[in-house]
2 protein chains.
Amino acid sequence: MAKRPTIADVARRAGVSKGSVSFALNGRPGLAQSTVDKILAAADELGWRPSNRARSLSVSKAFALGLVITRDPAVLSSDPFFPAFIAGVESVLSTRGQALVLQVVADGSEADGYRRLAQDGRVDGVFLSDLRHDDPRIGLLVELGLPAVTLNRPDGDSPFPAVTLDDRPGTRAVVEHLIELGHTRIAQVAGPPAFVHATARSTAFAETLAAAGLEPVAVETGDFTAAGGIETTRRLLALPEPPTAIVYANDRMAIAGLGAAQAAGLTVPDDLSIAGFDDSELAEYVHPGLTTVRADPFRFGETAAQTLNRVVDGDTDVPDVELPPAELVVRRSTAAPPL
Amino acid sequence: MAKRPTIADVARRAGVSKGSVSFALNGRPGLAQSTVDKILAAADELGWRPSNRARSLSVSKAFALGLVITRDPAVLSSDPFFPAFIAGVESVLSTRGQALVLQVVADGSEADGYRRLAQDGRVDGVFLSDLRHDDPRIGLLVELGLPAVTLNRPDGDSPFPAVTLDDRPGTRAVVEHLIELGHTRIAQVAGPPAFVHATARSTAFAETLAAAGLEPVAVETGDFTAAGGIETTRRLLALPEPPTAIVYANDRMAIAGLGAAQAAGLTVPDDLSIAGFDDSELAEYVHPGLTTVRADPFRFGETAAQTLNRVVDGDTDVPDVELPPAELVVRRSTAAPPL
DNA sequence: ACCTCCAATTAAACCGGTTTAAAGAGCATC
DNA sequence: GATGCTCTTTAAACCGGTTTAATTGGAGGT
């Protein structure tokens with residue numbers, strides 16, 4: 001376990017100064033090509049890689065990006081979004097020698113998470129996920145001077161670029177699909193209205209129905225968890241005139257709702273049609289297969305990382321990026337309503 | 001956005017030298033109490049927090065731990081283990097001002113992930129999850145000189161402490177539960193035999209059956225994914241004498257298997273009993289609720305982080321830690337076999 | 001042969017902490 | 001009053017890079 005070589009070792013071996021090694025490594029002009037070659041060869045022979053720690057200190061950068069997620073079971077426990085999103089982020093970071101730093105915080109104290117990342121200088125920028133209406137984190141990050149990219153577009157002013165994926169076309173497609181099947185009594189289980197993406201799905205739902213001259217049987221507000229899916233579904237099924245189709249704001253609630261309907265003695269899709277949102281792994285494999293909307297969280301992560309890196313690199317006025325909208329995936333959980 | 005204060009600012013304000021400030025901060029003896037108070041007061045007034053970067057450089061520590069996970073959809077996509085595990089890890093790290101660095105790597109190239117974390121000096125230690133038989137990563141980490149803790153006990157020699165959760169009692173309980181219900185034709189969908197925890201569950205399954213004088217109808221090897229759960233279940237149901245109960249090595253395969261059975265026209269549990277492993281969120285809410293085994297990944301993360309930190313802190317001979325075994329959760333997916 | 005100018009290179013400061021060796025202060029001892 | 005000893009405190013080196021300002025050497029011009 002010999003100590004790793006330092007820049008001084010390389011300099012000595014190449015017969016030049018530390019500064020020249022630094023120049024050669026960073027491809028800065030002003031060095032003769034022959035010298036550059038000599039230095040790179042020496043570095044190679046010694047297997048030298050510059051120390052991140054030293055570099056971090058002298059250039060005041062962390063070479064890392066941060067993601068704060070809440071420990072809230074609703075978001076954390078089995079959300080299909082984050083793992084794939086993170087994989088997408090990493091696919092970008094690994095090519096640039098950057099790392100991803102995770103902060104998991106207690107529900108409600110996300111601010112502390114960002115503050116910690118900033119004060120410790122652990123990261124050069126952060127991802128702002130699960131954007132809320134009038135999200136206080138935007139102001140916080142401005143105050144902390146921490147670059148960021150928002151996932152979805154905030155409603156207020158924001159100095160940060162946004163990477164957006166329009167949930168509305170997918171939701172619209174689901175509703176239209178149900179209407180085409182002949183449904184007129186359609187209900188929704190929405191997500192918490194505090195979230196931007198939850199309300200986007202909700203308004204798209206309402207607007208599509210309205211465009212067809214229909215109105216929702218009922219709209220229940222869930223919390224994106226399976227438990228919430230059960231509870232809201234039970235309420236909908238207990239209505240004097242229950243819906244013949246339910247549109248859920250995510251797959252977890254939909255799969256739980258499917259279970260609730262079956263537990264209530266209903267057959268899906270004969271008695272009740274059910275649609276989700278996400279196309280999570282299990283959606284395809286439950287019985288009946290879940291009609292849902294397919295997003296691409298991996299690509300979301302990839303794009304978000306690229307965008308954030310442009311900001312971090314000092315690019316001003318990085319434009320928002322719009323991802324291709326999620327598309328409808330029709331499976332067996334939706335069919336014509338009972339007669 | 002004034003620049004953050006440095007140790008020199010604090011020293012000037014307190015009228016002492018940089019060194020004294022450092023001593024005071026780290027609670028080292030040799031300073032008069034009055035001086036310590038004066039320094040801490042000055043630090044407080046300026047809102048000074050030592051720079052992690054500078055500290056990292058001078059003490060050659062990263063103040064961070066690392067986790068490498070594979071991008072393999074089988075492990076990544078909706079594994080209920082990691083998010084909760086990570087939350088547990090963070091609950092420890094956040095109190096110590098440490099960070100968690102994530103590396104997501106392409107399937108099969110985990111070695112690169114660890115190598116990168118080590119060479120970049122990003123972390124002081126790593127978690128070794130999803131331990132395999134004769135896991136090559138152990139040798140790699142020894143070679144890299146990177147401290148680690150293994151999740152489960154490796155079969156070969158290992159210089160690292162292990163945090164273990166015995167899967168066998170839980171599996172045994174499931175099988176005994178099925179036997180008590182009257183099942184004699186029990187099959188298993190195992191995990192990939194390369195994984196230590198997969199074979200632990202498999203041997204416990206086989207041994208418990210054998211102890212009751214039974215033998216498995218069939219053992220299929222799945223890959224922990226929902227798709228694999230479907231496929232193996234179909235094969236089991238197509239046997240000339242199909243099982244009356246199937247024990248799955250995780251919930252994802254079990255839930256998919258449940259779907260496959262229902263799609264084949266069977267009623268669970270009347271025609272077929274099904275049991276999973278993990279007690280993931282959806283287990284409770286699918287129909288019928290899944291009988292499974294409840295592990296505690298949060299606590300696993302917590303304990304692993306504490307243990308790894310002892311190693312990182314230079315404690316030699318940190319003992320292995322055994323977590324309380326997972327326990328059986330009986331729901332509606334298991335019942336007496338059909339007559 | 002001398003001066004100028006430019007390209008290539010280097011010495012040294014710097015980032016913000018930690019740590020070691022040495023200096024200084026205060027007091028008892030002889 | 002000099003010596004020795006402990007208790008505090010400090011100056012300076014160090015971690016391993018980056019960056020700026022200064023230096024060197026050689027080519028080109030007159």
Side-chain angles (χ1 to χ4, degrees), chain A residues 2-40 42-43 46-64 97-98 118-122 124 313-314, chain B residues 2-40 42-43 46-64 97-98 118-122 124 313-314:
Chain A
K3 249 196 320 251
R4 36 183 300 177
T6 76
I7 198 173
D9 298 324
V10 177
R12 197 174 315 121
R13 171 153 196 147
V16 299
S17 71
K18 276 173 37 172
S20 296
V21 177
S22 179
F23 287 163
L25 179 77
N26 297 313
R28 295 191 26 163
L31 275 192
Q33 187 57 48
S34 61
T35 314
V36 172
D37 294 343
K38 193 171 55 179
I39 291 171
L40 293 185
L46 280 107
W48 175 70
R49 313 209 342 162
S51 148
N52 243 296
R53 295 182 189 141
R55 243 151 70 83
S56 282
L57 180 58
S58 52
V59 303
S60 300
K61 288 187 59 171
F63 303 105
Q98 291 176 304
Q119 289 180 336
D120 290 356
R122 296 257 186 208
D124 300 317
D313 290 347
Chain B
K3 247 196 322 249
R4 37 183 298 177
T6 76
I7 197 172
D9 299 325
V10 177
R12 199 174 314 121
R13 171 150 196 151
V16 298
S17 71
K18 276 172 38 171
S20 295
V21 176
S22 179
F23 286 162
L25 178 77
N26 298 311
R28 293 187 32 158
L31 277 192
Q33 187 56 48
S34 60
T35 314
V36 172
D37 294 344
K38 193 171 57 181
I39 292 172
L40 293 184
L46 286 144
W48 174 70
R49 312 209 344 159
S51 149
N52 244 295
R53 295 182 189 141
R55 244 149 69 84
S56 281
L57 181 59
S58 53
V59 304
S60 300
K61 287 188 60 171
F63 304 105
Q98 291 175 304
Q119 288 180 338
D120 290 357
R122 296 254 186 212
D124 300 317
D313 290 347

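Proteins come first, then strands; the chains are lettered A, B, ... in the order of their sequence lines, and each starts at number 1.
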Are any of [X]'s side-chain N or O atoms less than 4.0 Å away from OP1 or OP2 of [N]?
X      : N       : value
R55(B) : dG16(C) : no
W48(A) : dG16(D) : no
S22(B) : dT19(C) : no
S58(A) : dC15(C) : no
R53(B) : dG17(D) : no
S20(A) : dT10(C) : yes

Counting side-chain heavy atoms from C-beta on, which of [options] comes nearest to [X]?
X      : options                   : value
L57(A) : dT9(D), dT19(C), dG16(D)  : dG16(D)
A54(A) : dT9(D), dG17(D), dT18(C)  : dG17(D)
A32(B) : dT19(D), dT9(D), dG17(C)  : dT9(D)
S51(B) : dT19(D), dG17(C), dT10(C) : dG17(C)

To the nearest Å, give me how far apart [atom1] ([X]) and [atom2] ([N]) are.
X       : N       : atom1 : atom2 : value
R4(B)   : dC15(C) : CZ    : C1'   : 12 Å
Q33(B)  : dT9(D)  : CD    : P     : 11 Å
D120(A) : dG16(C) : CG    : C1'   : 14 Å
D9(B)   : dG17(C) : CG    : P     : 9 Å
I7(A)   : dA11(C) : CD1   : P     : 14 Å
R28(B)  : dG17(C) : CZ    : C1'   : 13 Å
L25(A)  : dG16(D) : CG    : P     : 16 Å
I39(B)  : dT8(D)  : CD1   : P     : 13 Å

Under 4.0 Å, counting only non-hydrogen atoms across every strand here, what does [X] touch: a base, just sugar-phosphate, or nothing?
X      : value
N26(B) : sugar-phosphate
V16(A) : sugar-phosphate
T35(A) : sugar-phosphate
S60(A) : nothing

Is there, by distance only and without an angle test, a donor paired with an acceptor across the side chain of K18(A) and the base of dG17(D) below 3.5 Å?
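Under the 3.5 Å cut-off, the side chain and the base do form a donor-acceptor pair.
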Decide side chain to side chain contact (heavy atoms under 4.5 Å, CB included) for D9(A) and T6(A); before the verdict, give the C-alpha distance in whole Å, the side-chain angles of both, and the deciding distance to 0.1 Å.
CA-CA 5 Å; D9(A) 298 324; T6(A) 76; 3.7 Å; yes
Between W48(B) and L25(B), is there a side-chain heavy-atom distance shorter than 4.5 Å?
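With C-beta onward as the side chain, the pair touches.
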Heavy-atom side-chain contact between R53(B) and S60(A) under 4.5 Å:
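Of all side-chain heavy-atom pairs linking S60(A) with R53(B), at least one is under 4.5 Å.
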Does R4(B) use its side chain to pair, donor to acceptor, with the backbone of Q119(A) at less than 3.5 Å?
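Present.
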Determine yes or no for a side-chain-to-main-chain donor-acceptor pair under 3.5 angstrom, with D37(B) supplying the side chain and S34(B) the backbone.
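No, D37(B) side chain to S34(B) backbone: no donor-acceptor pair under 3.5 Å.
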Output the distance between atom CZ (R13(A)) and atom NZ (K38(A)), rounded to the nearest 0.5 Å.
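The CZ atom of R13(A) sits 13.0 Å away from the NZ atom of K38(A).
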Find which nucleotide of DNA chain C each of F23(B) and S17(A) is nearest to by heavy atoms, and output the residue with the more 5' nucleotide.
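The answer here is S17(A).
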If you pin G19(B) and R49(A) to their nearest nucleotides in DNA chain D, which one's is more 5'?
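Whichever sits nearer the 5' end wins; that is G19(B).
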